[in-house]
Student: 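Quick one: structure below, then a few questions.
Note that the numbering runs from 1 along the sequence shown for the chain.
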Amino acid sequence: MTSIDKIRKPDHGGARSSRTSKLAETVARNLEERIISEGWPVGHPIGREADLATSAGVGRWAMREALCLLEEGGLIESRRGNGGGMFVASLPSTMVITRLSNYIDFMGAPAAELSILLAASDKVMIDRAASRMKAADRRELKEILASVESPVRPETIRSLAPIRPLLLRVAGNSALKLISGSVTLATMQACWYSTLADEAYREAFIPVAIAERDIATALVGAAVADAHVASTLFVSACEKLFRASANSLRLPGHTQAAVRAYELFPAGRPMKKAESVARHLREMILDAGWPVGAQLGTLPELMERFDVGRPVLREALRGLERMGAIRVERGIGGGVKVASPDPDEIISACRRHLERENLQPDEAHEMLDAIAEAEMRRGRPNGGEAELTTLLPLVRQILMLDK
């Protein structure tokens, strides 16, 4: 199964429309598999619509619909102007991790659930990395650690950023990469909108950096137990940061707070106008308390509000549409309206990704067992803590590929 399988398409009626849709789905699936199997990088040109139609032996209408399906799925994007055309928009793994992290962010998962998943991911990551690490991997870790300043400052988190991707790569479990990547990204995105004062906000990242450094140091020395101790401190520090976020406290998230975070994490700053617009739209939805059905504005109104053209706005809306956070309605009374993300869509997209990555049953069960262990260690929620019902069942369904 592929990322176009569950995209909802309008029914225009008629046998011809049905035949074209089925053909377009087949063409889109074949093109997606080619992009993935041949490892086309982000920015790789897909080709001209007419040439693609000829190559696939189909008409231009069928190819146009196929490209629209892939664009709605986030795998490709269209660019206008000189040098324009269709291009690979994101790596499949990045696309799915971002989609799941955005869902976690929007649905307001309890801090306890994020900590359980982060603790479980770290356990699997440390155990697998320790058993699979080669001399070259240790040298790479040592080189990263050699660049880390002492004493640790909030900015140290930047030089430590390559550690976790390296350990996940060595660990080699696609379910681990998906869950760890999504939860870490969702936690960090929430922390951008922190309620802490400036100095307290900066200081809160020091224990995160120290713990991340100590995990890597322990693994370089094959001290697995020490790495697990450091991981416990890492998870605790991340949870404290998350609990101080506007997301966790159900408070409005202000752009100025994000600007402060960009100063500490320049890599998080939106690089494209569309990314900035998408972030502002996200703030609008969350600040309003997610009123499903509420209108954010018509396309012309939003174009004027953000001072962008239609192509930039459409690119900004695409990610939120894919997640189900908004829907774009046309005609009288239409516009961009708040919607409710469909968890079944998220589960399906994640499962398709794991199937493509050839996730083995024992790897899925390894993650499920680690989650159960972390949940047991955590115990029942405290009186003021949300019940653990939002995110953990969804993750378990993702990992139960045989269900």
Student: Using atom types as modelled and distance alone, determine if a side-chain donor or acceptor of Thr195 lies under 3.5 Å from a backbone N or O of Ser245.
Tutor: no
Student: Measure the acute angle between the ring planes of Trp40 and His44, then classify it against the limits of 30° and 60° as parallel, tilted or perpendicular.
Tutor: parallel
Student: Asn173 vs Leu359, test: side chain to side chain contact (heavy atoms under 4.5 Å, CB included). Steps then yes/no.
Tutor: CA-CA 7 Å; Asn173 181 322; Leu359 177 70; 3.6 Å; yes
Student: So, Lys142 and Glu140, do they make that salt bridge, N to O below 4.0 Å?
Tutor: no
Student: Around atom CG of Asp307, are there more than 12 heavy atoms of other residues, nucleotides or ligands at under 6.0 Å?
Tutor: no
Student: Could you go through Leu100 and Cys350, starting from their C-alpha distance and side-chain angles, then the distance that decides it, and tell me whether this counts as side chain to side chain contact (heavy atoms under 4.5 Å, CB included)?
Tutor: CA-CA 8 Å; Leu100 179 56; Cys350 291; 4.1 Å; yes
Student: Between Arg169 and Asp137, is there a side-chain N and carboxylate O pair less than 4.0 Å apart?
Tutor: yes
Student: Taking only Lys NZ, Arg NE, NH1 and NH2, and the carboxylate oxygens of Asp or Glu, determine whether Glu363 and Arg128 approach each other closer than 4.0 Å.
Tutor: yes
Student: Would you mind reporting whether Asp214 and Asp226 have side-chain heavy atoms less than 4.5 Å apart?
Tutor: no
Student: If you measure from the Lys or Arg side-chain nitrogens to the Asp or Glu carboxylate oxygens, is any gap between Arg351 and Glu357 under 4.0 Å?
Tutor: no
Student: May I ask you to decide if Ala227's main-chain N or O and Ser231's side chain share a donor-acceptor pair within less than 3.5 Å?
Tutor: no
Student: Is there a side-chain contact between Leu281 and Val336 in this structure, where contact means two heavy atoms from C-beta onward sitting under 4.5 Å apart?
Tutor: no
Student: Contact between Pro343 and Gln397 at the side-chain level, heavy atoms closer than 4.5 Å - yes or no?
Tutor: no
Student: Do the non-hydrogen side-chain atoms of Leu368 and Arg396 ever get within less than 4.5 Å of each other?
Tutor: yes
Student: Is it true that Glu373 and Arg377 have a side-chain N and a carboxylate O under 4.0 angstrom from each other?
Tutor: yes
Student: Under 4.0 Å between a Lys/Arg side-chain N and an Asp/Glu carboxylate O for Lys123 and Glu366?
Tutor: no
Student: Could you check whether any side-chain N or O of Ser236 sits under 3.5 Å from a backbone N or O of Thr232, counting only pairs where one atom can act as donor and the other as acceptor?
Tutor: no
Student: Between the side chains of Arg164 and Asp122, is the shortest nitrogen-to-carboxylate-oxygen separation below 4.0 Å, so that they form an ion pair?
Tutor: yes
